[in-house]
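When reading the values below, keep in mind they use all heavy atoms of this one structure, side chains included, and skip hydrogens, waters and symmetry mates.
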Amino acid sequence: AGLGSEYTDTAGAVPVLVRATARSRRADCVIPVRGRSMEPAYRDGSMVYVRYTEDVGPGDVIVCSTSDGAVIKAMDAERKLYSLNPAYPYPVKTEDDAFRVLGKVIGSVEEEDWPDGETEKELERVFTEELRRFD
């Protein structure tokens with residue numbers, strides 16, 4: 001969420017297992033939040049559900065590729081990015097600093113979304129083949 005990090009579709013990606021909920025079923029991926037610029041809604045170290053889409057509007061919190069790297073920011077009516085935390089404003093950009101929307105944040109991964117240790121082991125056993133293909 002800070003000033004950006006390198007973005008690739010697969011480099012560094014690891015599988016995560018979360019409980020099947022209405023929100024997790026709508027998500028295409030889970031990504032970590034780094035930095036405090038999107039607090040209090042999204043805290044440093046938390047994980048968020050993301051739906052891949054370019055269909056976003058004013059007020060949506062999005063993941064986008066920028067000249068700073070991949071960032072999580074809100075978007076205003078003029079398609080400018082901004083931080084939710086006024087203590088960490090996103091730098092003003094010029095017209096030349098285009099960004100590409102990668103997806104829309106649809107919520108945080110809540111504590112109850114994570115399986116407990118025994119359930120996670122069972123899920124790893126059940127999804128062994130899928131996890132191998134992912135790797």
Side-chain angles (χ1 to χ4, degrees):
L3 287 179
S5 58
E6 182 179 352
Y7 170 80
T8 62
D9 287 353
T10 56
V14 295
V16 295
L17 299 168
V18 294
R19 295 184 188 281
T21 64
R23 189 174 7 211
S24 69
R25 286 183 183 104
R26 290 187 1 250
D28 294 307
C29 71
V30 173
I31 64 168
V33 175
R34 299 285 181 249
R36 299 181 60 200
S37 67
M38 295 305 286
E39 290 180 353
Y42 305 105
R43 300 206 174 277
D44 182 37
S46 65
M47 303 288 274
V48 294
Y49 292 112
V50 175
R51 178 153 189 93
Y52 296 142
T53 183
E54 293 180 8
D55 184 22
V56 297
D60 285 340
V61 175
I62 62 173
V63 177
C64 55
S65 178
T66 71
S67 59
D68 296 322
V71 297
I72 299 172
K73 296 293 173 209
M75 188 179 70
D76 70 14
E78 286 86 40
R79 290 191 54 88
K80 293 192 187 267
L81 303 176
Y82 65 94
S83 300
L84 297 179
N85 186 341
Y88 296 90
Y90 191 61
V92 175
K93 302 296 182 178
T94 68
E95 293 176 3
D96 298 331
D97 291 317
F99 64 89
R100 182 171 65 93
V101 175
L102 303 171
K104 182 177 180 177
V105 175
I106 59 173
S108 293
V109 179
E110 303 295 338
E111 189 64 37
E112 60 270 12
D113 294 348
W114 298 107
D116 62 38
E118 287 303 312
T119 304
E120 186 170 16
K121 287 178 188 173
E122 181 62 18
L123 289 170
E124 288 172 349
R125 187 189 66 72
V126 169
F127 292 105
T128 299
E129 189 57 37
E130 290 87 346
L131 292 169
R132 279 192 193 129
R133 280 197 307 267
F134 185 92
D135 284 340

Indicate yes or no: at least one non-hydrogen side-chain atom of [X] is less than 4.5 angstrom from one of [Y].
{"X": "Asp60", "Y": "Met75", "value": "no"}
{"X": "Leu81", "Y": "Ile62", "value": "yes"}
{"X": "Ile106", "Y": "Arg23", "value": "yes"}
{"X": "Pro115", "Y": "Leu123", "value": "yes"}
{"X": "Trp114", "Y": "Glu120", "value": "no"}
{"X": "Arg36", "Y": "Ser83", "value": "no"}

Grouping I, L, V, M, F, W and Y whenever their side-chain heavy atoms are under 4.5 Å apart, do Tyr42 and Tyr82 come out in a common cluster?
yes

Spell out, yes or no, whether Val109 and Val33 are grouped together once hydrophobic residues are joined by side-chain heavy atoms under 4.5 Å, including indirect joins.
no

Tell me, please, which residues at least two apart from Asn85 pass side-chain hydrogen bond (donor to acceptor under 3.5 Å, both in side chains).
none

Residues that Glu122 engages under side-chain hydrogen bond (donor to acceptor under 3.5 Å, both in side chains), provided they are two or more places apart
Arg125

Smallest heavy-atom separation, Phe134 atom then Val14 atom, equals CE2-C, 3.6 Å

Would you find a donor on one side and an acceptor on the other, under 3.5 Å apart, between the side chain of Asp28 and the backbone of Arg51?
no

Nearest 0.5 Å, what's the CE-CG distance between Met38 and Asp44?
13.0 Å

Please step through salt bridge (Lys or Arg N to Asp or Glu O under 4.0 Å) for the pair Glu118 and Lys121, ending with a clear verdict.
CA-CA 5 Å; Glu118 287 303 312; Lys121 287 178 188 173; 3.8 Å; yes

